[in-house]
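For reference, the structure discussed in these notes is given below.
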Protein chains: 2
Amino acid sequence: MKHTKIKDLLAATQPMKDINAKGWVRTFRNNQFIALNDGSTIHNIQCVVDFENSPEAELKRITTGAAVSVIGDLVESQGAGQKFEIQARSFEILGDSDAEKFPMQPKKHSLEFLRENAHLRVRTNAFGAIMRVRSVLSYAVHKYFQDKGFVYVNTPIITGADAEGAGEMFQVTSLPLDHLPKTEDGNINYKEDFFGKHTNLTVSGQLEGETFAMALGQIYTFGPTFRAENSNTSRHLAEFWMIEPEVAFNDLNDNMDLAEDFIQYVVKYAVDHCKDDLKFLETRLLEEEKSKPQAERSEMALLEKLDFVLNHSFKRVSYTEAIDILKDSTPNKKKKFQYLITEWGADLQSEHERFLVEKHFKSPVILYDYPANIKAFYMRLNEDGKTVRAMDILFPGIGEIVGGSQREERYDVLVEKMRKLGIDEEELWWYLDTRRFGSAVHSGFGLGFERLVLFVTGMTNIRDVIPFPRTPQNAEF
Amino acid sequence: MKHTKIKDLLAATQPMKDINAKGWVRTFRNNQFIALNDGSTIHNIQCVVDFENSPEAELKRITTGAAVSVIGDLVESQGAGQKFEIQARSFEILGDSDAEKFPMQPKKHSLEFLRENAHLRVRTNAFGAIMRVRSVLSYAVHKYFQDKGFVYVNTPIITGADAEGAGEMFQVTSLPLDHLPKTEDGNINYKEDFFGKHTNLTVSGQLEGETFAMALGQIYTFGPTFRAENSNTSRHLAEFWMIEPEVAFNDLNDNMDLAEDFIQYVVKYAVDHCKDDLKFLETRLLEEEKSKPQAERSEMALLEKLDFVLNHSFKRVSYTEAIDILKDSTPNKKKKFQYLITEWGADLQSEHERFLVEKHFKSPVILYDYPANIKAFYMRLNEDGKTVRAMDILFPGIGEIVGGSQREERYDVLVEKMRKLGIDEEELWWYLDTRRFGSAVHSGFGLGFERLVLFVTGMTNIRDVIPFPRTPQNAEF
């Protein structure tokens, strides 16, 4: 007998005879009512067991976490809160769950405890919802770009290039660390390593992505990237997923248009396709914030916040304007900022970004035209000779969610910049080829996927929106 | 002025005034006809330049590989082979391409040469087509599973678990190899490594995926996996993308049904959405095979082969039946196999798989119920006590494209197997939890994405279906 997903049973339009549901027990009340969940939806289906005619020993095995198969009829529910329930004719315990030992009891667990049980936390309402939303957001990313004719490109994870300098890198090796081969002059002999040279985990697929954009026109990547930075914060992971579109013939304005349209599309897609999960997460957030002082609570409920992003253009502000706003701001004058803004050229800290987004503009903000010397070598120099066509998108509660730029398409300008920064031209010969042969204006950006999931789910720690977080001192599972 | 994609221009239903096309010159004939390509389609658009009124110096810059912007009218073409062409009023060279130096000349290049120029090969017809087909296949994978309510799960890339034993692993470290920290007893002190322990690149997301399937019901992964195996063959990569669905309550038959339905869906999706690219690749293959002896040529043209897979059920054959067929086969009797099949229990080599698929059944084949001792520890033991509920799907020209199984859901049987094989139970405590708490029948499989792309594109070397291949002694770009 084929079983039916609980999502489909709950969406039935009329009662059904002889159905089979399979799932895991969330609760069992009064020796009679099983709340059964199979992960297809956040909602449980109530199964009413004929306890008078069921063996006592079997009833005792219906415990939180047990896997159960129920056969019966789908009938209109007498109780409140659900349209249908299953009048069970029989049930079978597929797998027991010792109530004394199962860690996911139907009570409130700390997020910290749940992280230590990342393999089981997905059996809770909150993490089931987060992981379904994450999945739908992933799909929205692909759908957005594919519908527009972008080509998905899998740029390499293991890379011999470490010139981009986006951050500290992890080394990848097949050499035996306890007896490393040495060259005659006593250095490690990387010729004997798997790839015949020193290799790292990628920090970005952008440079390789650019080579494909200069052939296929519009491309995007969506894959894991890595930072070996000892950042033990709620916003950083050592392994995270990044989306990097790159478009030939796009300038910075096109790039801003694309990023804004893209973010609004995927947020709307989640709102349209994850209503139940998002409503649950909204309630969760409200509950969580009750214990916080008023000033730290969100100004808007989750769905209202998402609606706000959908219905408001992102504020576009040049770095120079932003510096003026910050210089004149109350926290700067009253010396409340940890880093005071005194002059043009300062790198913005998250306290400044948060002020702009959350206090001043009260809206997502796109900052553009940053000082050249605080941005990466590949960004296009403006005619002023001191700023580059960079853009960062800042989101309330999240900070930087997108970083992008128009790329320096002029071979000579690019090479001069690389020399100044000591970046090896020979190592990046292939990247420079894009400027040697048929170069053109092009632009792209990177979006940290987990930060997007944070924003949409209303969670506050990035470790709670990826299945198995990788952070300093933690690679469990 | 906004430019229009060449794909859209070629799909126009009527002439258009004042359009702008941007792309790269493929050829320039008679000082008049530019074949322009922007990667949106395999087809070029012909741009007719007013050479009499154009400066000679500018015309000379229209070289293969140059980036050009053309403004003019889309008019019905006088020439054969295209419905529309652009009558150019003006053109601008966006980026030059020195004809003496540009490696991608309009002539036949060896695949080996193109691999060394992986950043430019995508500007050729063949590789543009391959990368578009790869992208559409990726999307079909997501669409198939998402439409069925599967949850996409990003299992970790860096892993502390190395118990699965699917192959040699790459080590990931942030320790300085030239002065490794040591413990008191002279061993490497992994407590000082980034994650506080020895870590590797994942060989499979299956075990983590199972924990999610036992909560969300139906999940799939699609991400990079790694093998540090020194296999310099046309079928192996050190870094490749794998798809791993895992479904609670599915047994091996459901698993075979899912795999077959899935493969047919994604192949059909490519056939429906990549007609032009696949037609080009079909012709390419026919050309390539002309230089081969008759016996080595494909029996079917590319699209015919894809149609065959769509319209024929995969043959389902038990390992035991397969051994009987092989024992009785002509190559076995005539000792043409390198490894002769003499008894039940032998591991099948690719020569045997090829015989079954290409000579005996002439169809994709699903082999199932393998001897336990040649398969992984997590596969469910059959009642006979000597075979496991494993399945491999074998494809003509490709060999194994899918490996999967029903998983051993019984805690005691699984632990006994692990002990026998010396697999550390403590390291896999979280995996065993799925059998401790609410265990149930479940199944899944892994599909090597590049092998699927090989099959659909008709290419013969796996290095030609991934943007930047990673193989022994090669991590360029």
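Lettering follows sequence order; numbering is per chain, from 1.
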Task: Toward chain B, the part of E239(A) with a non-hydrogen atom under 4.5 Å - done: side chain

Task: Pairs where residues 465-477 of chain A contributes a residue and the test salt bridge (charged side-chain N to carboxylate O under 4.0 Å, His left out) is met, not counting sequence neighbours - done: none

- [ ] With the side chain counted from C-beta on, respond yes when V68(B) and L94(B) share a heavy-atom pair under 4.5 Å apart, and no when they do not.
- [x] no

TODO: Provide the closest heavy-atom pair for G65(B) versus S97(B) in the form atom of the first, atom of the second, distance.
DONE: C-CB, 3.4 Å

Open item on the list: Quick check on N474(B) against chain A: is it the side chain, the backbone, both or neither that has a heavy atom closer than 4.5 Å?
Closed with: backbone

Task: Aromatic ring proximity, centroids under 6.0 angstrom, F222(A) and Y152(A) - done: no

Open item on the list: Need one label for Q146(B): side chain, backbone, both or neither, based on atoms under 4.5 Å from any heavy atom in chain A.
Closed with: side chain

Open item on the list: Given heavy-atom pairs under 4.5 angstrom as the criterion, report whether the side chain, backbone, both or neither of K182(B) touches chain A.
Closed with: neither

Open item on the list: With a 4.5 Å cut-off on side-chain heavy atoms, are F437(B) and M104(A) touching?
Closed with: no

Open item on the list: Does any backbone or side-chain atom of T64(B) lie under 4.5 Å from a heavy atom of chain A? Answer side chain, backbone, both or neither.
Closed with: neither

TODO: To the nearest 0.5 Å, tell me how far N187(B) CG sits from N189(B) CG.
DONE: 9.5 Å

Open item on the list: If I compare all heavy atoms of L428(B) with all of L207(B), which pair ends up nearest, and what's the gap?
Closed with: CD2-CD1, 4.2 Å

- [ ] Would you please indicate if the ring centroids of F212(B) and F468(A) are separated by under 6.0 Å?
- [x] yes

Open item on the list: Is Y190(B) close to chain A through its backbone or its side chain, or both, or neither, when contacts mean heavy atoms under 4.5 Å?
Closed with: side chain

TODO: Pick one of side chain, backbone, both or neither for P224(B), based on which atoms fall under 4.5 Å of a heavy atom in chain A.
DONE: side chain

Task: Residue selection (most heavy-atom pairs with chain A, distance under 4.5 Å) from V441(B), D98(B), I157(B) - done: I157(B)

Open item on the list: Would K7(A) and D38(A) count as a side chain to side chain contact (heavy atoms under 4.5 Å, CB included) here? Give the steps.
Closed with: CA-CA 9 Å; K7(A) 186 180 184 177; D38(A) 68 0; 5.8 Å; no

Task: Most chain A-contacting option - heavy-atom pairs closer than 4.5 Å, from D254(B), T155(B), V172(B), N154(B) - done: N154(B)

TODO: Name the orientation class of the two ring planes belonging to F150(A) and F145(A) (parallel below 30°, tilted from 30 to 60°, perpendicular beyond 60°).
DONE: tilted

- [ ] Using non-hydrogen atoms and a 4.5 Å limit, figure out which bit of I93(B) sits close to chain A: side chain, backbone, both or neither.
- [x] neither

TODO: Identify which part of K197(B) has an atom lying under 4.5 Å from any heavy atom of chain A, answering side chain, backbone, both or neither.
DONE: side chain

- [ ] For residues F249(A) and H442(A), establish whether the separation of their ring centroids is below 6.0 Å.
- [x] no

TODO: Below 4.5 Å from any heavy atom of chain A, which atoms of K148(B) appear? Answer side chain, backbone, both or neither.
DONE: backbone

TODO: Go through the atoms of I219(A) and report whether side chain, backbone, both or neither lie under 4.5 Å from a heavy atom of chain B.
DONE: neither

Task: Contact origin within W24(B) toward chain A - heavy atom pairs under 4.5 Å - done: side chain

- [ ] Under 4.5 Å heavy-atom distance to chain A, tell me which part of E116(B) shows up: side chain, backbone, both or neither.
- [x] backbone

Open item on the list: Is D193(B) close to chain A through its backbone or its side chain, or both, or neither, when contacts mean heavy atoms under 4.5 Å?
Closed with: backbone

Open item on the list: We want to know whether R123(A) and N37(A) form a side-chain donor-acceptor pair, criterion being a heavy-atom distance below 3.5 angstrom.
Closed with: no

Task: Per-residue contact mode, R134(B) against chain A (heavy atom under 4.5 angstrom) - done: side chain

TODO: Output the option from R132(B), R436(B), K5(B) having the highest count of non-hydrogen pairs under 4.5 Å with chain A.
DONE: K5(B)

Open item on the list: At a heavy-atom distance under 4.5 Å, which candidate from Y411(B), F226(B), W429(B) has the highest pair count against chain A?
Closed with: W429(B)

Open item on the list: Is W430(A) close to chain B through its backbone or its side chain, or both, or neither, when contacts mean heavy atoms under 4.5 Å?
Closed with: both

Open item on the list: I'd like to verify something: which residue of R410(B), M214(B), E208(B), M131(B) has the highest number of heavy-atom pairs under 4.5 Å with chain A?
Closed with: M214(B)

Task: Partners meeting ring pair (Phe, Tyr, Trp, His ring centres under 6.0 Å) with Y269(A) (sequence neighbours left out) - done: H273(A)

Task: chain B contact via I188(A) - which portion, at a heavy-atom distance below 4.5 Å - done: side chain

Task: Which atoms of L180(A) approach chain B - backbone, side chain, both or neither, heavy atom under 4.5 Å - done: side chain

Task: Region of T63(A) in contact with chain B, defined by heavy-atom distances below 4.5 Å - done: neither

Open item on the list: For Y431(B) together with H119(A), are the ring centres under 6.0 Å from each other?
Closed with: no

- [ ] Against chain B, label I6(A) side chain, backbone, both or neither, depending on which of its atoms sit under 4.5 Å from a heavy atom there.
- [x] neither

TODO: Please determine, among G223(B), G23(B), G128(B), the option with the most heavy-atom pairs under 4.5 Å with chain A.
DONE: G23(B)

TODO: Flag the pair E92(A) and K22(A) as a salt bridge only when some basic side-chain nitrogen lies within less than 4.0 angstrom of an acidic carboxylate oxygen.
DONE: no

Task: chain A contact via T173(B) - side chain, backbone, both or neither, heavy atoms under 4.5 Å - done: both

- [ ] Against chain B, label D96(A) side chain, backbone, both or neither, depending on which of its atoms sit under 4.5 Å from a heavy atom there.
- [x] backbone

Open item on the list: Among A215(A), G438(A), A118(A), which residue has the highest count of heavy-atom pairs closer than 4.5 Å to chain B?
Closed with: G438(A)

Task: Aromatic plane relationship, Y139(A) with Y139(B) - under 30° parallel, 30 to 60° tilted, over 60° perpendicular - done: parallel

